[in-house]
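Following: one structure in structure tokens, then a few remarks.
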Amino acid sequence: MGFTDFLCQSLQRKSQDIVSALNLVSSTKMKLDELRNNGWDDFIKSVLSFCEQHDISVPDMSTRHKMGTGCSCQQQDSIIVEHYFRIDVFNDVIDFQLVELNTRFPEQIVELLYLTSTLDPCDSFKRFNIGDICNLAGKFYPQDFTTTELQALHQQLRFYKTDMDRLPAFKNLDSIPKLLKCLLETGLTQTYHLIDRLTRLVLTLPVSTATTERAFSSMRLIKNRLRNKIENEFFADCMILHIEKEFADSIDNESIINDFNSLKPRRVQLK
């Protein structure tokens, strides 16, 4: 559980590099497989040592394993105790974890996440690849891009590559959300509207940022039965304050009051 717990904690970070997440999943699978094949001896030694320190009785590992009440009619296989704990308990638990990891990260999902990483602006767009980005749009978002748009996307990416190397605004970006914000601030959203569309689609993937998952969880807390008529703008502001709690805690209440007072004259001065 220590291997999978480390993986779970890493995947729940606020901002997770997709390639690092995939590498961590692969490393976890390798560690579990290594533990299954070569880790039994060290594991049973640690268990026996723990039992000895806490005066826990340990069965004789070389005796026959008896199922149920021990009656002969209930015994299906003639196996020893060590075989039972190693094959039916130790290996079975590890196999279950490996099956779960393979189910949650199948080859198609791994390919999707790998292609998505080509949009990541980290390390000066180190993973940027026009062919992979076009493959991402054509293979995984066929309903969102027509054949003509896919051809236009390839052309946009060539000019986009020139601008990302030339414009200072594209420097030192470290996440896909910041890339989208950069496109908005520089007014390039209309110029690269297909890239903007693909970037927004990628942001719907929960693994791209854990904040996306937290946002959906926060919606029920903020817009509840007593606040079901809240307007969208005010709702969005409340969501930001709830999700970015670290930033909200750093704001001084006195500065908020002063800013609110300075908007227009008030009949009653806030203190």
Side-chain angles (χ1 to χ4, degrees), residues 7 10-30 101-216 243-244:
L7 174 64
S10 300
L11 292 178
Q12 291 179 47
R13 293 174 185 168
K14 266 199 166 182
S15 183
Q16 174 65 52
D17 178 30
I18 296 175
V19 174
S20 298
L22 293 177
N23 291 335
L24 190 57
V25 171
S26 299
S27 299
T28 303
K29 290 181 180 179
M30 291 176 59
L101 286 174
N102 290 327
T103 301
R104 294 175 183 273
F105 297 93
E107 293 184 3
Q108 188 177 16
I109 297 299
V110 171
E111 182 184 7
L112 168 62
L113 297 179
Y114 174 77
L115 294 177
T116 298
S117 68
T118 57
L119 289 170
D120 195 343
C122 289
D123 299 328
S124 301
F125 294 87
K126 178 182 178 180
R127 305 184 187 95
F128 183 84
N129 185 288
I130 295 178
D132 287 342
I133 296 176
C134 291
N135 190 22
L136 170 66
K139 185 173 183 178
F140 292 97
Y141 299 103
Q143 303 298 323
D144 299 283
F145 295 91
T146 64
T147 304
T148 303
E149 287 178 331
L150 288 175
Q151 296 174 354
L153 176 64
H154 188 277
Q155 188 67 18
Q156 281 190 17
L157 288 169
R158 294 174 59 186
F159 287 95
Y160 177 68
K161 179 67 170 64
T162 303
D163 281 344
M164 75 170 62
D165 294 334
R166 178 177 60 88
L167 298 178
F170 287 97
K171 305 299 181 182
N172 301 321
L173 297 177
D174 57 5
S175 65
I176 296 178
K178 290 184 179 180
L179 171 62
L180 183 62
K181 181 180 179 182
C182 179
L183 290 173
L184 292 171
E185 292 177 347
T186 55
L188 295 175
T189 303
Q190 294 298 325
T191 304
Y192 301 119
H193 62 282
L194 296 176
I195 300 175
D196 177 77
R197 184 193 306 172
L198 182 60
T199 304
R200 292 176 183 273
L201 289 170
V202 165
L203 285 177
T204 62
L205 298 174
V207 74
S208 62
T209 170
T211 306
T212 307
E213 259 185 73
R214 293 189 180 97
F216 286 108
I243 296 169
E244 304 294 341

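Hydrogens, waters and symmetry mates are skipped; everything else that's a heavy atom, side chains included, is used. Here the structure is a predicted model, which means the values were calculated and not measured.
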request  = Report the C-alpha distance between Lys161 and Met164 in whole Å, list the side-chain angles of each, state the deciding distance to 0.1 Å, and finish with yes or no for side-chain contact (heavy atoms from CB on, under 4.5 Å).
outcome  = CA-CA 5 Å; Lys161 179 67 170 64; Met164 75 170 62; 3.9 Å; yes
request  = Please assess Tyr114 against Asp132 for the test side-chain contact (heavy atoms from CB on, under 4.5 Å), listing each intermediate value before the final yes or no.
outcome  = CA-CA 9 Å; Tyr114 174 77; Asp132 287 342; 4.3 Å; yes
Roughly how far, to the nearest 0.5 Å, is [atom2] of [Y] from [atom1] of [X]?
X: Leu198; Y: Leu136; atom1: CG; atom2: CG; value: 5.0 Å
X: Leu153; Y: Thr148; atom1: CG; atom2: OG1; value: 12.5 Å
X: Thr146; Y: Gln151; atom1: OG1; atom2: CD; value: 8.5 Å
X: Asn129; Y: Leu115; atom1: CG; atom2: CG; value: 9.0 Å
X: Lys29; Y: Leu24; atom1: NZ; atom2: CG; value: 11.5 Å
X: Ile130; Y: His154; atom1: CD1; atom2: NE2; value: 5.5 Å

Side chain to side chain contact (heavy atoms under 4.5 Å, CB included) partner of Phe128, chosen from Leu157, Leu119, Asp120 =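 Only one of Leu157, Leu119, Asp120 forms a side chain to side chain contact (heavy atoms under 4.5 Å, CB included) with Phe128, namely Leu157.
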Could you report the tightest heavy-atom contact between [X] and [Y], atom names first, then the distance?
X: Tyr141; Y: Leu112; result: OH-CD1, 4.5 Å
X: Gly138; Y: Pro142; result: O-CB, 3.8 Å
X: Arg197; Y: Asp144; result: NH1-O, 2.6 Å
X: Ile195; Y: Gln156; result: N-OE1, 3.7 Å
X: Phe145; Y: Leu150; result: CB-CD2, 3.8 Å
X: Ala169; Y: Cys182; result: O-SG, 3.3 Å

query = Taking the six-membered ring for Trp, are Tyr160 and Tyr192 parallel (under 30°), tilted (30 to 60°) or perpendicular (over 60°)?
reply =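 Perpendicular.
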message = Counting only heavy atoms not in Lys126 (residues, nucleotides, ligands), do more than 12 fall under 6.0 Å from its NZ?
response =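 No, NZ of Lys126 has 12 or fewer neighbouring heavy atoms, counting only those of other groups under 6.0 Å.
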query = Considering residues, nucleotides and ligands other than Arg158, do more than 12 of their heavy atoms fall under 6.0 Å from its CZ?
reply =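 No, because the 6.0 Å sphere around CZ of Arg158 holds 12 heavy atoms or fewer from other groups.
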inquiry  = With a 3.5 Å distance limit and no angle check, can you tell me whether Thr118 reaches the backbone of Arg127 through a side-chain donor-acceptor pair?
reply    =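 No, Thr118 side chain to Arg127 backbone: no donor-acceptor pair under 3.5 Å.
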inquiry  = Under the criterion side-chain contact (heavy atoms from CB on, under 4.5 Å), I'd like the reasoning laid out for Leu188 against Leu167: C-alpha separation, chi angles, the key distance, then a yes or no.
reply    = CA-CA 11 Å; Leu188 295 175; Leu167 298 178; 3.9 Å; yes
request  = Let me see the working for Val202 and Phe140 under side-chain contact (heavy atoms from CB on, under 4.5 Å), right down to the final yes or no.
outcome  = CA-CA 10 Å; Val202 165; Phe140 292 97; over 6 Å; no
